[in-house]
Amino acid sequence: MPEWRYRGRTVTAEEIDFIRRLITDHPTASRRRLSEKLCEAWQWKQANGAPRDMVCRGLLLMLDRAGQIELPGIRFQPPNPLARRERPQAMLIDTTPLNDALADIRPVSLQQVRKTADEPLFNSLMEQHPARL
């Protein structure tokens with residue numbers, strides 16, 4: 001069985017077996033609770049002393065997706081406000097093409113519009129004219 005690496009940590013076959021036993025020993029535990037228990041067992045902490053919970057959950061998810069362990073199903077999915085946000089109202093602007101060289105229309109300036117009166121215009125334009133890569 002190969003060793004796995006995640007965020008600077010090498011996970012051995014023995015550690016994967018430990019994770020499997022942890023899941024088996026706590027059949028009603030959520031993914032979050034399993035992550036907390038694993039951090040506690042491994043003494044896996046951040047520099048500030050807090051458990052490396054999110055990193056641990058990422059490791060567990062990677063092992064689950066690779067078929068090395070089987071995590072319990074997702075129980076709670078926090079709402080995503082961006083997925084359900086109201087679409088901005090279309091703004092009418094002059095769309096006449098500029099055929100001049102950039103040097104002829106200078107100066108051009110950029111400014112942040114977040115939390116300003118121009119933010120709705122920016123959001124509307126981004127909605128109407130999505131970036132094409």
Side-chain angles (χ1 to χ4, degrees):
M1 185 180 290
E3 289 183 341
W4 294 83
R5 289 196 52 77
Y6 187 76
R7 305 277 302 260
R9 182 184 179 104
T10 299
V11 182
T12 64
E14 293 80 21
E15 289 174 320
I16 292 173
D17 286 338
F18 176 83
I19 294 169
R20 287 184 191 125
R21 284 191 307 276
L22 183 72
I23 294 168
T24 301
D25 292 347
H26 301 90
T28 62
S30 66
R31 292 175 177 207
R32 175 183 289 245
R33 186 69 185 125
L34 289 169
S35 171
E36 291 168 352
K37 287 186 172 294
L38 185 57
C39 284
E40 186 179 314
W42 284 358
Q43 294 297 301
W44 205 9
K45 296 182 180 184
Q46 300 176 48
N48 66 2
R52 295 197 74 188
D53 184 49
M54 290 302 294
V55 174
C56 187
R57 277 192 257 170
L59 168 68
L60 292 174
L61 186 59
M62 179 191 76
L63 293 172
D64 179 74
R65 288 178 175 165
Q68 297 298 307
I69 64 172
E70 189 174 337
L71 287 173
I74 296 172
R75 293 187 188 169
F76 175 74
Q77 195 156 8
N80 180 349
L82 294 178
R84 293 192 191 115
R85 71 180 178 164
E86 206 174 296
R87 296 288 177 216
Q89 183 178 14
M91 303 272 189
L92 298 176
I93 61 167
D94 181 1
T95 58
T96 305
L98 297 175
N99 295 316
D100 299 331
L102 183 58
D104 296 335
I105 58 173
R106 289 190 319 184
V108 174
S109 65
L110 301 175
Q111 63 186 36
Q112 183 173 343
V113 296
R114 184 148 169 35
K115 297 190 180 200
T116 70
D118 291 328
E119 186 174 13
L121 173 61
F122 175 83
N123 290 339
S124 175
L125 294 173
M126 290 293 100
E127 182 77 22
Q128 292 176 59
H129 308 283
R132 288 177 178 81
L133 299 176

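We're numbering straight along the sequence, starting at 1.
For residues 55-69, the pairs satisfying salt bridge (Lys or Arg N to Asp or Glu O under 4.0 Å) are D53-R57, with sequence neighbours left out. Residue pairs meeting the salt bridge (Lys or Arg N to Asp or Glu O under 4.0 Å) criterion with at least one partner in residues 30-52, sequence neighbours excluded, are R33-E36. Within the structure, salt bridge (Lys or Arg N to Asp or Glu O under 4.0 Å) pairs that include any residue of residues 104-121 do not occur (at least two apart or interchain).
Taken together through direct or relayed side-chain contacts under 4.5 Å among Ile, Leu, Val, Met, Phe, Trp and Tyr, W44 and I16 form part of one hydrophobic cluster. Criterion: ILVMFWY side-chain heavy atoms under 4.5 Å apart, direct or through other members. Under it, L71 and W4 are part of a common hydrophobic cluster. Clustering ILVMFWY residues whenever any of their side-chain heavy atoms sit less than 4.5 angstrom apart, transitively, puts L98 in the very cluster that holds L102.
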Self-check item: side-chain contact (heavy atoms from CB on, under 4.5 Å) between V113 and L121, intermediate numbers included
Solution: CA-CA 9 Å; V113 296; L121 173 61; over 6 Å; no
Practice problem: Kindly determine whether F122 and M126 satisfy side-chain contact (heavy atoms from CB on, under 4.5 Å), including the steps that lead there. | Solution: CA-CA 6 Å; F122 175 83; M126 290 293 100; 3.6 Å; yes
Self-check item: Trace of the side-chain contact (heavy atoms from CB on, under 4.5 Å) decision for W42 with E15
Solution: CA-CA 10 Å; W42 284 358; E15 289 174 320; 3.6 Å; yes
Practice problem: Take V55 and Y6 through the side-chain contact (heavy atoms from CB on, under 4.5 Å) test and state the conclusion after the steps. | Solution: CA-CA 9 Å; V55 174; Y6 187 76; 4.0 Å; yes
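Between the side chain of E127 and the main chain of P88, no donor-acceptor pair closer than 3.5 Å is present. A distance-only check finds a donor-acceptor pair linking the side chain of R20 to the backbone of Q68 [under 3.5 Å]. Judged by distance alone, with hydrogens and angles left aside, the side-chain atoms of S124 form a donor-acceptor pair with the main-chain N or O of M91 at under 3.5 Å.
Closest non-hydrogen pair, S30 versus P72, comes out as C-CG, 4.4 Å. Scanning all heavy atoms of the two residues, the minimum distance from A41 to F18 falls at CB-CZ, 3.6 Å. The two atoms that bring L60 and L34 nearest to each other are CD1-C, 4.4 Å, heavy atoms only.
A 6.0 Å sphere centred on CZ of R7 holds no more than 12 heavy atoms belonging to other residues, nucleotides or ligands. Counting heavy-atom neighbours within 6.0 Å of Q89 CD, excluding the residue itself, gives a total of 12 or less.
Defined by atom type and a distance below 3.5 Å, a donor-acceptor pair is present between the side-chain atoms of R5 and T10.
In this structure, OG1 in T12 is found 8.5 Å from CG in D17, a value given to the nearest 0.5 Å.
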